[in-house]
There are 2 protein chains.
Amino acid sequence: MSRVSEESGTAAKETTTERIPAALRREQILAAASRVFGERGYSGATTDQVAQAAGISQPYVVRMFGTKENLFLEVVARALDKLITTFRVVLAEPQPAGDDDADSLVARLGAAYVDLIEDRGILLSLMQAFITGHDPVIGAKAREGFLQIYRMLRDEAGFPPEIIRDFLANGMLFNTLLAIRLPDIFEDDEAAEELMRCAFRGKLDVVLDATGSHASHAMSAPTGTAGTHS
Amino acid sequence: MSRVSEESGTAAKETTTERIPAALRREQILAAASRVFGERGYSGATTDQVAQAAGISQPYVVRMFGTKENLFLEVVARALDKLITTFRVVLAEPQPAGDDDADSLVARLGAAYVDLIEDRGILLSLMQAFITGHDPVIGAKAREGFLQIYRMLRDEAGFPPEIIRDFLANGMLFNTLLAIRLPDIFEDDEAAEELMRCAFRGKLDVVLDATGSHASHAMSAPTGTAGTHS
DNA sequence: GTCTATAGCATGATAGAC
DNA sequence: GTCTATCATGCTATAGAC
């Protein structure tokens, strides 16, 4: 498989030098930055890599956001916002008639979380921010963001601490599995496959799909059993 | 050369220019590197920061390990080894007469994991390696290491996938909370405190102690409000 | 065994043209 | 709105002295 020039929505380098409204370009840069930072982390990513991913020049990236740090902070803020918003949507949905206990809600939130993988940058950028907790500026935002999620699950979803802990724990495991790219060695390693089937529950296909790992693996339990443990 | 000041055990800059056996110096460098890489990550850390933490010159660090990458890989390999060894010790211990089911074993492994925080570098370096999964070399080792842990819990401890998943999930949450330095804002934020009490269970004091967060907080209420699930 | 000096490249950011 | 050129810094790695 040779990847030749042209970009296709999700991840590639642009080539045109069109004049585009600043607001739009800004979005393009943020989207590219989300992917790059998600992959390489704050220190590991360069403004030039972001620029290339967005199809513009490096100085323009800096010009738009002032500093690399600002760009990262904006990426993280967006990711957090998207996550919070996604959860709120689920919380606003009417409880499915059958079992409307906390367990069911946790399951739906979990499923929504997994679906966020559609844009890998969101989950990974957040994770990268958490891991950069030592940084005075980024670290502060990371802590704040993590606690914001915690409070939301407690105050808006009404979960008790233990439920939240388990939910967050599964989220962190999910992020980590994505980071080490476990989906990439699916099938090459029996342990990897077993762990993934178990960790991603009925969402395995969605994950493999989103991560570009050989798509056809269909075997999803219809309604997906993306719940939190038994 | 007149460098003054003094170092003190765990985390400080050495100052003496003594001639020390290579093997020992190697250990000192690895210890320093473990801390530095654990904090800043592979890209974020510099060989000079490691050198200063170890109290020697930057070129000497490189001389000893060839490249920064080699040094990081060695740090990670050691961390993984320590973790595996720690778990094996627990598995070898005789089951406490009372309840010797899987739940009890999981609890003891979890406690042993938390105790590893004594050397923050171990847990954080591993986490940093996981998050660097995009790197061809480091990523490969990270995947391999993660799967090694999984296989051990499955083949040596005899746990079923779901138990392992939950165990690993809690481990990743623990690592993340350490990374964002939640222990540092313990008491400054009610949500942070609540989450920590719940996540660290009866080990809160051990954690606060190891992370240097105002030590005296003793209240490891055996089964108090921090409730340990079922 | 350990240091000083330094080469050489990568990177973030600035200046200014178009 | 976007680029080219470029400065300045920081960093890994090498050379070689003591």
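Numbers restart at 1 for each chain; the letters A, B, ... are given by sequence-line order, proteins then strands.
Distance Ile29(B) CD1 to dC3(C) C1': 13 Å, rounded to the nearest Å. Counting to the nearest Å, the C1' atom of dC11(D) and the OH atom of Tyr42(B) are 12 Å from each other. Atoms CZ (Arg19(B)) and P (dG1(C)) sit 7 Å apart, rounded to a whole Å. Atom CD in Gln52(B) sits about 13 Å away from atom C1' in dG10(D), given to the nearest Å. For the pair Glu18(A) CD and dC3(D) C1', the computed distance is 15 Å after rounding to whole Å. For the pair Gln58(B) CD and dA13(D) P, the interatomic distance rounds to 9 Å; values are reported in whole Å. In this structure, CZ of Phe65(A) is placed 15 Å from P of dT14(C), rounded to the nearest angstrom. One can place CZ of Phe37(B) at 13 Å from P of dC11(D), the figure rounded to the nearest angstrom.
Using a 4.0 Å heavy-atom distance criterion, Thr46(B) is classed as a sugar-phosphate-only contact. Among the atoms of the strands shown, only primed sugar atoms or phosphate atoms (P, OP1, OP2) are found under 4.0 Å from some heavy atom of Pro21(B). No contact: Ala23(B) has no heavy atom under 4.0 Å from any strand. No engagement by Ala51(B) is indicated, since no non-hydrogen atom pair under 4.0 Å with the nucleic acid exists.
Gln58(B) pairs with exactly one of Thr47(B), Asp48(B), Thr46(B) by the side chain to side chain donor-acceptor pair (under 3.5 Å) rule, that one being Thr47(B).
Taking the side chain as every heavy atom from C-beta outward, Glu93(A) and Arg108(A) approach each other to under 4.5 Å. When side chains are defined from C-beta on, Leu168(B) does not count as touching Met172(A), because their heavy atoms never get closer than 4.5 Å. Within the 4.5 Å cutoff, no side-chain heavy atoms of Phe72(B) are placed close to those of Thr67(B).
Heavy atoms of other residues, nucleotides or ligands lying less than 6.0 angstrom from CD of Glu118(B) number 12 at most.
Minimum atom distance to the side chain of Arg25(B) is reached by dT2(C), of the listed dC3(D), dC3(C), dT2(C). For Lys68(A), counting side-chain heavy atoms from C-beta on, the closest listed nucleotide (dA13(D), dG12(C), dG1(C)) is dG12(C). Considering only the side chain of Pro59(B), dA15(D) comes nearest among dG12(C), dC3(D), dA15(D).
Between its two ends, the helix from dG1(C)-dC18(D) to dC18(C)-dG1(D) turns its axis by 10°, counting five pairs per end and rounding to 10 degrees.
Within the 4.0 Å cut-off from OP1 or OP2 of dT12(D), at least one side-chain nitrogen or oxygen of Thr47(B) is found.
Pairs engaging residues 139-154 of chain A under the side chain to side chain donor-acceptor pair (under 3.5 Å) rule: Tyr150(A)-Glu194(B), Arg151(A)-Asp189(B), Arg154(A)-Glu190(B), Arg154(A)-Glu194(B) [sequence neighbours left out].
Residues Asp48(A) and Met64(B) each lie close to DNA chain C; by heavy-atom proximity, the contact nearer the 5' end of the strand is made by Met64(B). For the pair Arg63(B) and Ala22(A), nearest-nucleotide mapping onto DNA chain D gives the more 5' position to Ala22(A).
When atom types are taken as modelled, the side chain of Lys82(A) and the backbone of Leu116(A) share no donor-acceptor pair closer than 3.5 angstrom.
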Without placing hydrogens or testing angles, list every side-chain donor-acceptor pair under 3.5 Å for residues 127-138 of chain A, not counting sequence neighbours.
| residue | atom | partner | partner atom | Å |
| --- | --- | --- | --- | --- |
| Thr132(A) | OG1 | Gln128(A) | O | 2.6 |
| Asp135(A) | OD1 | Val137(A) | N | 2.8 |
| Asp135(A) | OD1 | Ile138(A) | N | 2.8 |

